[in-house]
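See below for the structure under consideration.
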Amino acid sequence: MEELTGKNILVTGATSGIGQAIAARLVAEGSNVALNYRNDINKLDDTKKMIEKMTSKMDNKGGQYLPVEGDVSEEKDILRMYDEVIKKWGSLDILVNNAGIQIYDPSEQVETDDFDKVINVNLRGAYLCAREAIQHFLNTEKKGIILNVSSVHEIIPRPQYVSYAISKGGIKSMTQTLALEYAPYGIRVNAIAPGATDTSINDDWLDDPQKKQAMKRRIPLGRVGTPEEMAAAAAFLMSDEAQYITGQTLFIDGGMTLYPNFLNS
Ligand code: BGC
C-alpha cells in the first residue's frame, strides 16, 4: 500500500497483541511509526522482532519506529507523546487508537476504581488522543485519519465485562460522531472490530482446550483470528483504497456477529 509509505503514525498500545501487529505491518509498509508503550519496555523486544519479520516479508521500504512511553489514561502523557512525535517527524498523518484493557467481574461487584481504569484507557484515553490528532490535522490542514480498535463487543453484549462493553459501545459512537463532524475537512475516522484473536489478552481461554473449543463454536469460520489478520484490515482502512469510507466499523470476526446459533436452526 504505497500511500502508507512515509506516513507518520502513532499507534497506542503498540507493544502487545493487535497493536503490535498493526505497528509492525505499518513499519513494513514504510510508515514511520511511534510505538506507544506503558511500563513494558521489555515487550519492545518482541515488537522489534515482529517488525523485522514483517519487514523482511514485505521488502524493506525504509519505515522507521520511535518508542514513546505514556499512559493514555493520563492527559499529560498524551500531550507529551504528541510533542515527542511532532518533534521527531514534524507532523502526524494517522492515529491508531488501539490501547485497551479489560477486567472481569460480575457487574454487581465491579469496583469503582476498576470501572474507571477501563473507561479511562479504552474510551477517555482514545477520545483525548483523537482530540489532539484532530487539532493537529486542522492546524496543519491535513486530511488525517483516525483508526479506532473497537471490538465485536461494540454490538455484542458482554456479561461480566460491563466496563469493557460500555467502552466499546462508546468507541462506536465516537467513531461515528467524529467522522461526521470532521468529514468536511477530509478527515476520516473508522474502526476495526476484532473478534476472538490469538493475543495474550485471551490467554485465559486460549490455554484451556475446553474453553477454546467453546469459543470456536461461536465463530462460523471455525477458528480464532490472528493479529496479522486484524492488522491487514486496519492497513486497508488507513490506505487510499478506503478513501471513500468514513464512520464505519469493519468486523473481522470469522462471522461471530452473524448470530451463529441460527446456523442449524
Ligand atoms: C476481547 C476478547 C474476546 C473477544 C471475543 C474481544 O474484544 O478482548 O477477550 O475473546 O472480544 O469475545
Side-chain angles (χ1 to χ4, degrees), residues 11-23 36-38 40 43 46 72-73 96-107 110 114-127 147-176 190-234 237 248-263:
V11 180
T12 66
T15 52
S16 61
I18 293 170
Q20 184 177 69
I22 293 175
N36 159 245
Y37 69 98
R38 187 183 67 99
D40 51 2
K43 289 201 201 149
D46 285 356
V72 298
S73 64
V96 179
N97 253 330
N98 164 79
I101 56 172
Q102 56 187 30
I103 300 178
Y104 167 93
D105 242 328
S107 294
V110 172
D114 284 346
F115 182 87
D116 289 347
K117 230 185 260 173
V118 174
I119 298 296
N120 285 344
V121 172
N122 297 13
L123 189 55
R124 180 178 178 273
Y127 164 65
L147 195 269
N148 297 319
V149 178
S150 181
S151 160
V152 287
H153 297 294
E154 73 166 47
I155 57 168
I156 304 180
R158 196 173 190 207
Q160 283 94 42
Y161 287 91
V162 70
S163 52
Y164 185 83
I166 291 171
S167 73
K168 296 303 182 181
I171 288 288
K172 172 185 162 70
S173 180
M174 183 177 91
T175 301
Q176 293 178 327
N190 288 298
I192 58 165
T197 312
D198 190 354
T199 63
S200 57
I201 207 172
N202 291 321
D203 281 350
D204 62 316
W205 59 263
L206 282 168
D207 295 342
D208 178 327
Q210 259 177 350
K211 285 189 188 166
K212 190 171 177 183
Q213 204 43 46
M215 183 59 87
K216 282 189 188 167
R217 278 197 290 274
R218 298 182 185 141
I219 309 170
L221 287 182
R223 68 172 177 85
V224 170
T226 67
E228 290 82 356
E229 287 170 322
M230 307 305 147
L237 284 174
Q248 303 303 311
T249 297
L250 179 56
F251 288 83
I252 310 140
D253 65 353
M256 188 183 248
T257 42
L258 296 174
Y259 300 94
N261 285 349
F262 277 78
L263 190 57

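What you see is a predicted model, and the numbers here were worked out from it, not measured in a lab. Ligands are counted one by one from 1 in listed order, and the atoms in each one are counted from 1 as well. Excluded from the calculations below are hydrogen atoms, water molecules and symmetry mates; all remaining heavy atoms, backbone and side chain alike, are included.
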pair Ile219-Asp253: side-chain heavy atoms closer than 4.5 Å: no

Any donor and acceptor pair, going by atom type alone, linking the side chain of Asn36 with main-chain N or O of Val11 inside 3.5 Å? no

Closest heavy-atom pair, Glu154 versus Lys168, reported as atoms and distance to 0.1 Å, is CB-O, 3.3 Å

Hey, does the side chain of Asn120 reach the backbone of Asp116 with a donor-acceptor pair shorter than 3.5 angstrom? yes

Hey, is Met215 touching ligand 1 through its side chain, its backbone, both or neither, going by heavy atoms under 4.0 Å? side chain

Tell me, do Glu229 and Val224 make a side-chain contact under 4.5 Å, heavy atoms counted? no

for atom 5 (C) of ligand 1, nearest protein heavy atom and its distance come out as His153 NE2, 3.5 Å

Tell me, which protein residue and heavy-atom name are nearest atom 2 (C) of ligand 1, and how many Å apart are they? Asn202 OD1, 3.1 Å

Top protein contact for atom 1 (C) of ligand 1, by heavy-atom distance: Gln102 OE1, 3.4 Å

Of Tyr104, Tyr164, Tyr161, the one whose closest heavy atom lies nearest atom 6 (C) of ligand 1 is Tyr164

Do me a favour and list the nearest non-hydrogen protein atom to atom 3 (C) of ligand 1 with residue, atom name and distance? Arg158 NH2, 3.6 Å

Under a 4.0 angstrom heavy-atom cut-off, which atoms of ligand 1 come close to Ser151? 6 (C), 7 (O), 11 (O)

I'd like to know if the side chain of Asn98 and the backbone of Val149 have a donor-acceptor N/O pair within less than 3.5 Å. no

